[in-house]
Every structure is written in C-alpha cells, then in structure tokens.
Undergrad: 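Here you go, one structure.
The chains referred to below are lettered A, B, ... by the order of the sequence lines, with proteins before strands, and numbering in each begins at 1.
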Protein chains: 2
Amino acid sequence: MSTSRPSPARTSRGPRPASIARVPGIDYDVLDTLLGYALRRAQIAAFDQFYRATAGYGITPPRFTALVILGANPGVSQTALAAVLGIARSGAMQLTDWLVGRKLAERRARADDGRAWGLYLTRRGAALAAELKRRVRAQDARLGARLTAAERRALLRLLDRVAE
Amino acid sequence: MSTSRPSPARTSRGPRPASIARVPGIDYDVLDTLLGYALRRAQIAAFDQFYRATAGYGITPPRFTALVILGANPGVSQTALAAVLGIARSGAMQLTDWLVGRKLAERRARADDGRAWGLYLTRRGAALAAELKRRVRAQDARLGARLTAAERRALLRLLDRVAE
DNA sequence: GGAGATTGTAATGCTATACAACAATCATCG
DNA sequence: CGATGATTGTTGTATAGCATTACAATCTCC
C-alpha cells in the first residue's frame, strides 16, 4: 500500500461527534478552498446525524455497514467484509466477534472452503438491520434537507466521481 | 508519537487502507443511496491524497489544519484551536506539544491573559506550512481531477450546505 | 473582594486499527 | 499424488487519537 497514515480521525466510534462549528474571528486561509477539508466537515455532520439515528444501539458506521452487507450478501467471508469496509482482516474479525457476541450474526462452516466462515445475520440481526436502515435513511434525508432532490442526486454523483 | 511513519490508514485521517475499492459481487444495498456513505468513501479517497501529499512529514490532517490556522491567526489560544478542530482542549494541547516538540510552533505568554498561551509558528513552522500548503493544494486538485472547474465549485458549495 | 467561569495541564482509559506470526486449509502444478 | 505457495481466520502486540476527570492559576463580573 501506499504510504502510511496514522489514523483517521474520528471515523467510527465516538461518543459525541461534536459538530465543527465555524469559529468566528478565525481566518481559515486555504482550508476553505480544499475539497478535502469540505469533505471532512460534511462528514462530521454526517456522523452527527448517524449517531443521532442510532443512539442507544451501540452502533458505529462500520457496524452498520456490516449489518447491511451481511443482510444483502448472506454467507460472505470475513475477508470480503474486511475488503468492503476497507479495514484489515483482523479488524473484520473483531467486528464479527462483536456482532456474534450480541447474537446479531453467526458464523457457519462452509462446505466449499474449510478455512473460511460464512457470515449470516440472525433473525435478531435482520430485525435490527431493518430498523437501523429505516432510521439511518430518515436521518440521511435530514442531512440533505437543505438540498433539493436534484441537488442531492448531483452531490451523490459528484462524490462518487471523487471517490473514483 | 514517534515520528511519522509511513503507514497508510483511514478516515478522516487517513488511516487505513488507502482506498475503499468497490468489491465485485457484493450487493451494497441501501448504502449506495446514502449521502453519509458516499461522503465516507469520498473522504477516504481524500485522505489517501492527503497522505500521499504529506508522506514523510509525519503530518496528519489535524496537524496540517493546526499549521494553517496558526499561520493565518498568530497568537490564537489552544482553546480556540481546539474549537476549530472540533476536539477537546486536552487534545489541542497534545497536538500543540507535538508541534512545539518539533520546533514548528511556540507558545508565548500573553500580556492580556495570564492563563492562555498565544500560539505562533516558528520560522521553520512557517516554511513547512507553506510547503505543505503547496503540496496539499496540488493533491487536492488531483482529487477533483475528474471534475470540471464548475463541478468542483458546485461540489464545494453543496458540501458546505450539508455541513451547514 | 468573592463567586464563578475559563485556560492549560496531568493522569487515565478506551477504541479502533494496524501489523506480524501461525495453524489449518485450499489451489496449482509437476 | 505430492509439494509449494497462497489464503483464511486467529492471536498477540502496539499505537494513535481522542475523551474524561480533576486541578491550579487566572480572569470576570457583581
């Protein structure tokens, strides 16, 4: 991989993703023209919405993503999950442990590959996933409340291009 | 805090696997329609660019931001810096320690307030800030390489609205 | 002058990762 | 078939970036 990077700022967990308010009297210099900085601020707002939507469930973005992915792709391996999340396999394992520990997912042996597990949502996990999807979707809509439908679509498309 | 080490990373920061590739054969379900998820992926790409731009300097996004802010606002307090970064005061202190330890910034007593420090870039810090701004700006442009100037502007504006 | 707020700090802890090393298993190919 | 190498999950270790709490020094305001 590429170079190293320390660690992302607060991507995942976080008690209170304090939103970043513009501090009056401060000159932001070049920051105001950087796509990266604008992205960071927008994402902080997004985290904020996310935590609001999932408060009380102990859910983090990666956990939510995992629930959705398991729901839509029954039987995925931990390695595939790691790839989707963009994290190391060991991380995917801990994440899976967490889900399994709460009886939201389970590991089933696979006939075709003795090394890998197949990951599945439990009934409880599926129910939670559905509930969270509802909440997150609603909150996500609120995130883009200041945008028209067309603007929202445009934003999604632009972001996709940036993410390549 | 050792010095920097090149290690790729993710999120906000840059941490993690440099980029989240779309995994073939995986159904992303609702994720594809969420603004929050699109933001996350775009930001991961942004982090990647950032780390590429600052490789070898041990710089992270918050550190870069601090350098820029100190440069444009000589004499700011640590509390103000914390507010700009959206982190706790204790975190701003550690960040400042790091900068001071590398002789990039210095704390000067303030005549008007005996409790607070005034933070300033050293000559070295100013030089580094200038160099990094150049690099980050260039890399940020690359981030939006797939966008026309108008699209880039539109994206910045939309992100700003989302961030509120 | 005193109550209360603010600033920087120290100490502690948690969380999310990463990385390296391993055993079990699979795949490939001679 | 058998050996070599890759892949999967796992464990163990390390780190970085915060947050929280508690404090002393200092400022503000009545």
Undergrad: In whole angstrom, what separates A:Tyr51's OH from C:dT15's P?
TA: 12 Å
Undergrad: Check ring pair (Phe, Tyr, Trp, His ring centres under 6.0 Å) between B:Phe64 and all other residues, then give those that pass, not counting sequence neighbours.
TA: B:Phe50
Undergrad: With the threshold set at under 4.0 Å for non-hydrogen atoms, list the residues of residues 89-106 of chain A touching DNA chain C in residue-number order.
TA: A:Ser90, A:Gln94
Undergrad: Tell me whether the side-chain N/O atoms of A:Gln78 come closer than 4.0 Å to OP1 or OP2 in D:dT10.
TA: yes
Undergrad: Rounded to the Å, how far apart are B:Leu119 CG and C:dT9 C1'?
TA: 14 Å
Undergrad: Can you give me the N/O atom pairs linking the protein to nucleotides 24-28 of chain C at distances under 3.5 Å, or say none if there are none?
TA:
unit_1	atom_1	unit_2	atom_2	d
C:dT25	O3'	A:Gly114	N	3.3
C:dC26	OP1	A:Gly114	N	2.4

Undergrad: Bend across the helix from C:dG1-D:dC30 to C:dG30-D:dC1, to 10°, with axes taken over 5 pairs at each end?
TA: 30°
Undergrad: Determine all donor-acceptor pairs shorter than 3.5 Å in which one atom belongs to a side chain in residues 114-123 of chain A; sequence neighbours excluded.
TA:
unit_1	atom_1	unit_2	atom_2	d
A:Arg115	NE	A:Asp113	OD1	3.1
A:Arg115	NH2	A:Asp113	OD2	3.1
A:Thr122	OG1	A:Lys103	O	2.7
A:Thr122	OG1	A:Leu104	O	3.2
A:Thr122	OG1	A:Arg124	N	3.3
A:Thr122	OG1	A:Gly125	N	2.9

Undergrad: Would you say D:dA16 has OP1 or OP2 under 4.0 Å from some side-chain N or O of B:Thr60?
TA: no
Undergrad: Any base atoms under 4.0 Å from A:Ala116, or only sugar-phosphate, or nothing? Heavy atoms, all strands.
TA: sugar-phosphate
Undergrad: Please list every donor-acceptor pair under 3.5 Å in which a side-chain atom of residues 79-99 of chain A meets a protein atom from a residue at least two apart or in another chain.
TA:
unit_1	atom_1	unit_2	atom_2	d
A:Thr96	OG1	A:Ala92	O	2.7
A:Asp97	OD1	A:Arg107	NH2	2.2

Undergrad: Quickly work out the A:Leu81 CG to C:dA16 P distance and round it to whole Å.
TA: 15 Å
